[in-house]
Novice: 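Quick one: structure below, then a few questions.
Small disclaimer: the values here were computed from a predicted structure and weren't measured. Remember, it's 1-based here, ligands and their atoms both numbered in the order they're listed. Computed over heavy atoms, backbone and side chain alike; hydrogens, waters and symmetry mates excluded.
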Amino acid sequence: MVNLESEITYLPGVGPKRAKVLGDELGIKTFADLLMTFPYKYIDRSKVYRIDEVNTEMPYVQILGRILSFETFEMGPRKERVVAHFTDGTHLMDLTWFNGGKYARTHYKIGEQYIVFGKPTAFNGRINVVHPDIDPSSELQVSGMGMQPYYTLTEKMKKAGFTSRSLERLIKNLLALLDNKLPETLPDSMTQRLNLASRDEALRNIHFPESAKTLEKARVRLKFEELFYVQLNIVRYASDNRRKYRGYIFQSIGKTFNGFYYHRLPFPLTGAQKRVIREIWNDMKSGRQMNRLLQGDVGSGKTLVALMSMLIAIDNGYQACIMAPTEILAEQHLKTIADFLGDMPVRVELLTGIVKGKKRNSILEDLAVGKIDILVGTHAVIEDNVRFARLGMAVVDEQHRFGVAQRAKLWQKSTNPPHVLVMTATPIPRTLAMTLYGDLDVSVIDELPPGRKPVMTQHVYDAQLPQLYESIRRQIRMGRQAYIVFPLIEESEHIDLKNLEDGYETLRQAFPEFKMSKVHGKIKPKEKEEEMQRFASGETQILVATTVIEVGVNVPNASVMVILDAQRFGLSQLHQLRGRVGRGADQSYCILVTGHQLSADTRKRIDIMCDTNDGFRIAEADLKLRGPGDLEGTQQSGMAFDLKIADIARDGQLVQMARDEAQRIIDTDPTMQHPDNAIFVRRLYELRKTNVNWSAIS
Ligand code: ADP
Ligand code: MG
């Protein structure tokens, strides 16, 4: 029997040199790794089309024919388009290269027979395939006439002589060696009940599908398996924690909460806020530690929910803390909370990196003896020397900047871990939340406070800036204020800062009659705070800024958000920025400014922004456009995961199914002692050995 853990160098046809390339480029170190390197596409080699039957509705076609001639078109400096005129005897078509045309021109021979594959489009009244896959017609024989797998190659692999075809041969060799069945990783009872292919069937068919149907079944099986083990790991982790840690029991709601609710609350809670506070309260009295994710669009009133939850902790003799990702936000929270509480006998203090010396020491002392009720701060709050007398509740604002490890640190702040409420204004699609924050229960505020008018979003080009300035002027004359945001990313910080400075000058000349504030990441926190304060108090009418205002700033009188170079912002950033306006009773506007040249992706982002204010729709679209690995925060969250075949955005149903199965197993056998569940324990153990990313959540 072949050992799948054998080093790849021992596979016939590999050897040390190629083994090194496979390892370095694709991480293929063992037979098993090779087997788990899946094709990115297949070509149905069973059908060769005639050019005269091809139409642009077809997703892709395969045509056998010859190149008649090449033609090269200049497209500006050092850019050319190369076209090959191609025929199969029935008709003419074109093959086009916008990149790599030179290679095509020298590599493919006129008159030789090729098999061409690609998406048919129409150009100049002729069928055209852009960047086709081309193989010598002899390659048709390799995999017979079925579906031919295509494997990803890196440039280095190509240089080392690898082709998709050579990988295909290696895998074919390997599968031939493994004539015995590949070991199962799911129990038969499960595969049968869910009608899943066996692992052996699935792995053979994912590489060499017998038909489109068996391929589909193979994919479903492999995706499910992948998602299932992620979910099993998460559900088991959450259940272990639940068993290990008891939660503080908050018996009652008392005079702090009630005093606030009946005497201080300036407006009625929205239905959603009430529901969420009830969910939190249920957790707090349940005896188990709360770990709850609170999702709510910008402006939905999460801070108030957090505050009222903290008041419950105070009523029960505990302290609470709230952590924000930046100093500005922490200070803003302090102010919001202090304003809400007014003269109530609740002591609130701020602890950030800039609180130093005597002040800091006295805060630390008072905290340790329980004289402070609510500590508002940044990461400074979780430093080791910060000790609470009785920390009962911790709120983490803007989850994506706080990693799992940091959350875990909170737990060491008191005998039992405090109840934890994680708030995020970046709506996370359900299937992603289930995977990224699968150990958290989820509450959603899906209702904005009454009287808010949806922000109107428009896209304008640079050339229309003068008209835009006029509309800003009109708004300001009506007593409103405006944000003007410049992009700033670290990689091009110098240029971006210069753009901001230049832009600021231009704006000053454009608006000589108004006062402006300017903030960005490079100015001192104190100065930043003063500028923000000047804007918040209405002393300045325009705030020129980078994304430092991205989260949390609350100036209800601001009704215009102008985002320059909007193409450089991601969807969730754009949505966050837009959330800065529309907080008062006035109609607000968000203007996305770009140049004329837009990529297809930018166009989509802008369209979605103009189309909807619904953060969840935007998050879904974002997930589809970028893929989960790319989403802001998945890296820092420490739960980054590397899915080979499943796609959280597209395979939502399978994520749910995997979750349900995992939950059922853990519900009935929390420690997986039952012999039927041994297979899961074994597999989790194997995966832990091979997949570094999982270590973060276990
Ligand atoms: P989030 O943190 O969810 O973005 P905030 O908590 O900052 O939202 O709330 C945005 C604004 O709405 C604040 O000015 C807050 O005082 C106000 N607000 C919160 N809840 C309500 C409510 N139920 N009715 C009216 N205004 C509310
Ligand atoms: Mg907020």
Novice: With sequence neighbours left out, write down each residue that passes salt bridge (charged side-chain N to carboxylate O under 4.0 Å, His left out) with Arg477, or none if nothing qualifies.
Specialist: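 Salt bridge (charged side-chain N to carboxylate O under 4.0 Å, His left out) check on Arg477 returns Glu513.
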Novice: Of the listed options (Gln273, Lys302, Gln332), which comes nearest to atom 1 (P) of ligand 1 when hydrogens are ignored and any heavy atom counts?
Specialist: Lys302
Novice: Below 4.0 Å from ligand 1: does a non-hydrogen atom of Gly296 turn up there or not?
Specialist: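 In this structure, Gly296 fails to qualify as a contact of ligand 1 - no heavy atom is under 4.0 Å.
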Novice: Taking atom types as modelled and ignoring hydrogens, do the side chains of Asp651 and Gln653 form a donor-acceptor contact shorter than 3.5 angstrom?
Specialist: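 No, because no side-chain N or O of Asp651 sits under 3.5 Å from a partner of the opposite role on Gln653.
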Novice: Which ligand 1 atoms does Phe340 reach within 4.0 Å, using its non-hydrogen atoms?
Specialist: 16 (O)
Novice: Would you mind reporting whether Val422 and Val395 have side-chain heavy atoms less than 4.5 Å apart?
Specialist: no
Novice: Just jot down the ligand 1 atoms closer than 4.0 angstrom to any heavy atom of Asp297, in number order.
Specialist: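 Reading through ligand 1 atom by atom, the close ones are 3 (O).
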Novice: Look at the aromatic rings of His419 and Tyr248 and report parallel, tilted or perpendicular, splitting at 30° and 60°.
Specialist: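 The rings of His419 and Tyr248 stand perpendicular, inter-plane angle above 60°.
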Novice: Check whether any N or O atom of Pro449, backbone or side chain, sits under 3.5 Å from an N or O atom of ligand 1, and answer yes or no.
Specialist: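 Such a contact does not occur with ligand 1.
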Novice: Between Arg617 and Glu620, does any side-chain N to carboxylate O distance fall below 4.0 Å?
Specialist: no
Novice: Contact between ligand 1 and Gly451 is defined here as a heavy atom of the residue under 4.0 Å from a ligand atom; is it met?
Specialist: no
Novice: Short list, please: which atoms of ligand 1 are under 4.0 Å from a heavy atom of Gly301?
Specialist: 1 (P), 3 (O), 5 (P), 6 (O), 8 (O), 9 (O), 19 (C)
Novice: Where does Lys274 meet ligand 1, judged by heavy-atom distances below 4.0 Å: at the side chain, the backbone, both, or neither?
Specialist: neither
Novice: Output every pair passing ring pair (Phe, Tyr, Trp, His ring centres under 6.0 Å) with a member in residues 283-313, not counting sequence neighbours, ordered by first then second residue.
Specialist: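 Not a single pair qualifies under ring pair (Phe, Tyr, Trp, His ring centres under 6.0 Å).
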Novice: Regarding Glu279 and Ser443, is there a side-chain donor-to-acceptor distance under 3.5 Å anywhere?
Specialist: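 Yes, a side-chain donor-acceptor pair sits under 3.5 Å.
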Novice: Just checking, is any N or O donor in the side chain of Glu531 or Ser517 under 3.5 Å from an acceptor N or O on the other one?
Specialist: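 Side-chain D/A pair, Glu531 to Ser517: present.
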Novice: Could you tell me which atoms of ligand 1, counted from 1 in the order shown, lie closer than 4.0 angstrom to a heavy atom of Thr303?
Specialist: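 Those qualifying, in numeric order: 2 (O), 5 (P), 6 (O), 7 (O).
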Novice: Please identify which atoms of ligand 1 are closer than 4.0 Å to at least one heavy atom of Thr270.
Specialist: 23 (N)
Novice: Using a 4.0 Å heavy-atom cut-off, which part of Pro556 comes near ligand 1: side chain, backbone, both, or neither?
Specialist: neither
Novice: Can you sort out which atoms of ligand 1 are near Arg583, meaning under 4.0 Å from one of its heavy atoms?
Specialist: 4 (O), 7 (O), 10 (C)
Novice: With a heavy-atom distance limit of 4.0 Å, tell me whether Leu269 approaches ligand 1 through its side chain, its backbone, both, or neither.
Specialist: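 Looking at Leu269 and ligand 1, just backbone atoms fall under 4.0 Å.
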Novice: Out of Arg480, Lys453, Arg452, which one pairs with Asp586 under the salt bridge (Lys or Arg N to Asp or Glu O under 4.0 Å) rule?
Specialist: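 Checked Arg480, Lys453, Arg452 against Asp586; only one passes salt bridge (Lys or Arg N to Asp or Glu O under 4.0 Å): Arg480.
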Novice: Taking a cutoff of less than 4.0 Å between a non-hydrogen atom of the residue and any ligand atom, is Arg452 in contact with ligand 1?
Specialist: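 A heavy atom of Arg452 does come that close to ligand 1.
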Novice: Is the closest N or O pair between Gly299 and ligand 1 shorter than 3.5 Å?
Specialist: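 There is such a contact, yes.
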Novice: Within 45° of the axis and under 6.0 Å from the centre of the six-membered ring of Tyr483, does NZ or CZ of Arg580 qualify?
Specialist: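 No cation-pi geometry.
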